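Count residues from 1 along the sequence. Because the structure is a prediction, the values reported are computed rather than measured.
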Amino acid sequence: MTWPAVAVWILIVLAALPRSPLPLLYLYSGLGAFMTLTLAPSGGGGMNLLGQSVCAGFLVCKLLLTENRLPRAWDAAVDPKKLGLLFIFLAYALFSAYVMPRFFAQLVEVIPMSVTVDWAIPLQPTPSNLAQSAYMAMSVGMALAMFVMASSASFRQHFMKAAFFGGLVLIATGIADALLSAAGLSGLLEPFRNASYALLTNVEIADGAKRVVGLMPEASAYGAACVVAASTLIFFRPCFEDERWRNLFVPLGIAGLLAMAVLSTSSTAYVGLGVLALTFGVNWLRRALSANAPARGGLQSEAFIAIAGFLLLLAIIALFPDLMQPVYNRLDTLIFKKTESDSYLGRTMWTQVAMQAFFATNGLGVGLGGARTSNWFASILSNTGIFGTILLFGFILRLYFRSYNGANPLTAEFVTALKFSLIPQFAMLALSGTNPDIGTGMASALGLIAALTLEPEQAAFRAGSSLGWPARARSRR
């Protein structure tokens, strides 16, 4: 165990000691940037115990196992109008992880997650079935915890600030990777890179530029994480009550995350940025046409910045065409010629083999964690089969058709922001999603949406004194 792993364990324990869940919430967000650091290295392709996953476990327990929230959590888990479909999906996914690799053992071929091979081998139970089961259970647990806490306006504000903090840590780790690599001191980051899976941390693109990876396994993971964080802050910005956060801190964080996403030189991140630009435009029009949208005063400045940036780009292209040639070459290499790369061909083959296994099992799937893909949607389908896919995507689609029915425009904007922020993530998962886990970040958003879009008569829970001592003091008066 490396010294950063020991430090993270100490931080998690210290954050778990106070009554308030907020220290764990902020630490959880910050640890999202440390995806190459395991707290108990397996040393051979087994389950990597990531710091964010451990912190998420403590956070879920802190939120659910206090102040009589457990009965409300149980009600949400079994009610189909709340999180019932998601929990049925979890139960079936765990069932498939144990049964399908044994039922179809040696009968179909897959590219397993836990073995670093680029060719198909016969299906058999592997440690990845256990690992993905644990990750999926943790993700669904996070959705449940966020569901229970969603009615607290104070918690929602801290949730957004924690997302900002996580973005700052992403920026910091990216800068550290870029500067230390340029100075020939990248070895200083090795204690943070003890994961047992393959790490592509020193890859250069065709023109010799170093790809910024931060403390992620590869550039595509880092770039995608920056796009997701930027997307979250962009759509959350009108929901911040404090003007300093809304007009100063958050815009600076967004700018930093967008810059780091570009420096990652990840084709997945670039596609995500394109989707983010489209969704931002749609959301801007929605807010402009809605008289109840909060922070409408910022619409003009947002439009001015976007138009000014576009005109500046056109001017540079017209006046200095040679200056843009390196940019054209890089985009051509990363996006338009991506289909000619060995990486693309290999990842496409992963998905093809997984889908062949799906059809070979008559749509039942090879079990959660049974097959590696490069497309998250194909991963869900090939791993959990038709039944699991219908359950999960039925749950997600239903949330997008539900809306907030209350009178608070800030809460309504928060729900809409959650929905829009997930769209770039879905697009990037379609390009580089290697496992079926929905992730604790997406699960948190889904849990919040599910709670806040309930009909008023169904929302029979209150977070109450959810943030620690002040609420308890009031309850004793």
A.B. asks: To the closest 0.5 Å, what do you measure between OG1 (Thr453) and OH (Tyr404)?
C.D. replies: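 Nearest 0.5 Å value for the OG1-OH distance: 11.0 Å.
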A.B. asks: Using a 3.5 Å distance criterion without hydrogens, assess whether the side chain of Thr232 forms a donor-acceptor pair with backbone atoms of Val228.
C.D. replies: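 Checked: pair present.
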A.B. asks: Without swapping roles, check the side chain of Thr389 against the backbone of Gly385 for a donor-acceptor pair under 3.5 Å.
C.D. replies: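 Answer holds: yes.
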A.B. asks: Tell me, do Tyr26 and Lys161 make a side-chain contact under 4.5 Å, heavy atoms counted?
C.D. replies: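 Answer yes - side chains close enough.
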A.B. asks: Under a 4.5 Å cut-off applied to non-hydrogen side-chain atoms, are Met146 and Leu63 in contact?
C.D. replies: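 Side-chain contact under 4.5 Å: yes.
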A.B. asks: Is it the case that over 12 heavy atoms from other parts of the model lie below 6.0 angstrom from the CZ atom of Phe249?
C.D. replies: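 Above 12, so yes.
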A.B. asks: For Phe87, what residues pass the ring-ring contact (aromatic ring centres under 6.0 Å, His included) criterion, not counting sequence neighbours?
C.D. replies: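 In terms of ring-ring contact (aromatic ring centres under 6.0 Å, His included), with neighbours along the sequence ignored, Phe87 is linked to no residue.
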A.B. asks: May I ask you to decide if Ala16's main-chain N or O and Lys62's side chain share a donor-acceptor pair within less than 3.5 Å?
C.D. replies: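 Checked: pair present.
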A.B. asks: Quick check: does any side chain N or O of Asn48 sit under 3.5 Å from a backbone N or O of Thr38, one acting as donor and the other as acceptor?
C.D. replies: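 Not confirmed, Asn48 side chain does not pair with Thr38 backbone.
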A.B. asks: CG of Leu37 to CG of Leu215: how many Å apart, nearest 0.5 Å?
C.D. replies: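 So the gap between those two atoms works out to 8.0 Å.
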A.B. asks: Which atom pairs, donor and acceptor, lie under 3.5 Å between side-chain atoms of residues 430-448 and protein residues at least two apart or in another chain?
C.D. replies:
unit_1: Ser432; atom_1: OG; unit_2: Met428; atom_2: O; d: 3.3
unit_1: Asn435; atom_1: OD1; unit_2: Asp437; atom_2: N; d: 3.1
unit_1: Asp437; atom_1: OD1; unit_2: Ser139; atom_2: OG; d: 2.8
unit_1: Asp437; atom_1: OD1; unit_2: Gly439; atom_2: N; d: 3.1
unit_1: Thr440; atom_1: OG1; unit_2: Tyr28; atom_2: OH; d: 2.6
unit_1: Ser444; atom_1: OG; unit_2: Thr440; atom_2: O; d: 2.7

A.B. asks: What is the minimum heavy-atom distance between Ser382 and Ala354, and which atoms define it?
C.D. replies: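 Looks like CB-O, 3.5 Å.
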A.B. asks: Do Glu109 and Gln356 have side chains that approach each other closer than 4.5 Å (heavy atoms only, starting at C-beta)?
C.D. replies: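 With C-beta onward as the side chain, the pair stays apart.
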A.B. asks: Run the numbers on Met260 and Leu263 for side-chain contact (heavy atoms from CB on, under 4.5 Å), then give the verdict.
C.D. replies: CA-CA 5 Å; Met260 299 313 296; Leu263 291 175; 4.1 Å; yes
A.B. asks: Tell me if the OH atom of Tyr400 is crowded by more than 12 foreign heavy atoms within 6.0 Å.
C.D. replies: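 Above 12, so yes.
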A.B. asks: Check the pair Ile423, Val275 against side-chain contact (heavy atoms from CB on, under 4.5 Å), reporting the backbone distance first and the verdict last.
C.D. replies: CA-CA 8 Å; Ile423 294 175; Val275 175; 4.0 Å; yes
A.B. asks: Whether Glu413 and Arg237 form a salt bridge (side-chain N of Lys/Arg under 4.0 Å from carboxylate O of Asp/Glu) is what I want to check.
C.D. replies: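 No, no charged N to carboxylate O under 4.0 Å.
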A.B. asks: Could you check whether any side-chain N or O of Thr36 sits under 3.5 Å from a backbone N or O of Ala195, counting only pairs where one atom can act as donor and the other as acceptor?
C.D. replies: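 Such a contact is absent between Thr36 side chain and Ala195 backbone.
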A.B. asks: Side chains of Leu392 and Thr384: closer than 4.5 Å at any heavy-atom pair?
C.D. replies: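 No, every pair of side-chain atoms sits at 4.5 Å or beyond.
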A.B. asks: Does the side-chain contact (heavy atoms from CB on, under 4.5 Å) test come out yes or no for Ile12 and Leu39, once each step is laid out?
C.D. replies: CA-CA 11 Å; Ile12 292 174; Leu39 305 192; 4.1 Å; yes
A.B. asks: Do Phe192 and Trp3 have their ring centres less than 6.0 Å from each other?
C.D. replies: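 Distance test on ring centres: under 6.0 Å, yes.
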A.B. asks: Could you pull out the closest heavy-atom pair between Ala269 and Ala224, with the gap in Å?
C.D. replies: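 Closest heavy-atom pair between Ala269 and Ala224: CB-N, 4.1 Å.
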A.B. asks: Any side-chain heavy-atom pair from Leu258 and Leu276 closer than 4.5 angstrom?
C.D. replies: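 Contact flag for Leu258/Leu276 side chains = yes.
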A.B. asks: Are any non-hydrogen side-chain atoms of Met160 and Phe414 less than 4.5 angstrom apart?
C.D. replies: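 Touching, per the 4.5 Å side-chain cut-off.
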A.B. asks: Where is the tightest heavy-atom contact between Ala219 and Ser264, given as atom of each residue plus distance?
C.D. replies: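 Nearest pair, atom of Ala219 first, then Ser264: CB-O, 3.4 Å.
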A.B. asks: Working to the nearest 0.5 angstrom, can you tell me the gap between Leu273 CG and Tyr270 OH?
C.D. replies: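 Output value for this atom pair is 8.0 Å.
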A.B. asks: Could you tell me the separation between the CD1 atom of Ile449 and the CG atom of Leu418, rounded to the nearest 0.5 Å?
C.D. replies: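 Answer for the CD1-CG pair, Ile449 versus Leu418, is 5.0 Å.
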A.B. asks: Closest heavy-atom contact between Leu364 and Tyr92?
C.D. replies: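 Closest heavy-atom pair between Leu364 and Tyr92: O-OH, 3.8 Å.
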A.B. asks: At what distance, to the nearest 0.5 angstrom, does CD of Gln352 lie from OG of Ser374?
C.D. replies: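 If we round to the nearest 0.5 Å, Gln352:CD and Ser374:OG are 9.0 Å apart.
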A.B. asks: Just wondering, do Pro101 and Thr126 contact through their side chains at under 4.5 Å, heavy atoms?
C.D. replies: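 Contact flag for Thr126/Pro101 side chains = no.
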A.B. asks: So that I know where these two stand, are Phe393 and Trp376 an aromatic pair - ring centroids less than 6.0 Å apart?
C.D. replies: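 Yes; Trp376 has its ring centre under 6.0 Å from that of Phe393.
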A.B. asks: Is the number of heavy atoms from other residues, nucleotides or ligands within 6.0 Å of CZ (Phe280) greater than 12?
C.D. replies: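 More than 12 heavy atoms, drawn from other residues, nucleotides or ligands, come within 6.0 Å of this atom.
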A.B. asks: When rounded to the nearest 0.5 angstrom, what distance separates CG in Asn383 from CG in Asn129?
C.D. replies: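 Reported value, rounded in 0.5 Å steps: 8.5 Å.
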A.B. asks: Looking only at non-hydrogen atoms, find the nearest pair between Ala15 and Pro23 and report the distance.
C.D. replies: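 The answer is O-CB, 3.7 Å.
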A.B. asks: Mark yes or no for whether Lys82, through its side chain, and Leu144, through its backbone, hold a donor-acceptor pair below 3.5 Å.
C.D. replies: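 The answer is no, because no donor-acceptor pair under 3.5 Å joins these two groups.
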A.B. asks: Measure the shortest side-chain to side-chain distance between Val415 and Ser403 over non-hydrogen atoms and say whether it is less than 4.5 angstrom.
C.D. replies: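 SC-SC contact between Val415 and Ser403 ruled out.
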A.B. asks: For residues Phe89 and Phe395, establish whether the separation of their ring centroids is below 6.0 Å.
C.D. replies: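 No: the rings miss the under 6.0 Å criterion.
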A.B. asks: For the residue pair Leu170 and Ala33, what are the closest heavy atoms and their distance?
C.D. replies: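 Answer, listing the atom of Leu170 first, then Ala33: CD2-CB, 3.8 Å.
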A.B. asks: Evaluate Ser266 against Tyr222 for side-chain contact (heavy atoms from CB on, under 4.5 Å), listing each step before the verdict.
C.D. replies: CA-CA 8 Å; Ser266 164; Tyr222 179 75; over 6 Å; no
A.B. asks: Look at the side chain of Arg402 and the backbone N and O of Arg398, then say whether any donor-acceptor pair between them is shorter than 3.5 Å.
C.D. replies: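 A pair under 3.5 Å: no.
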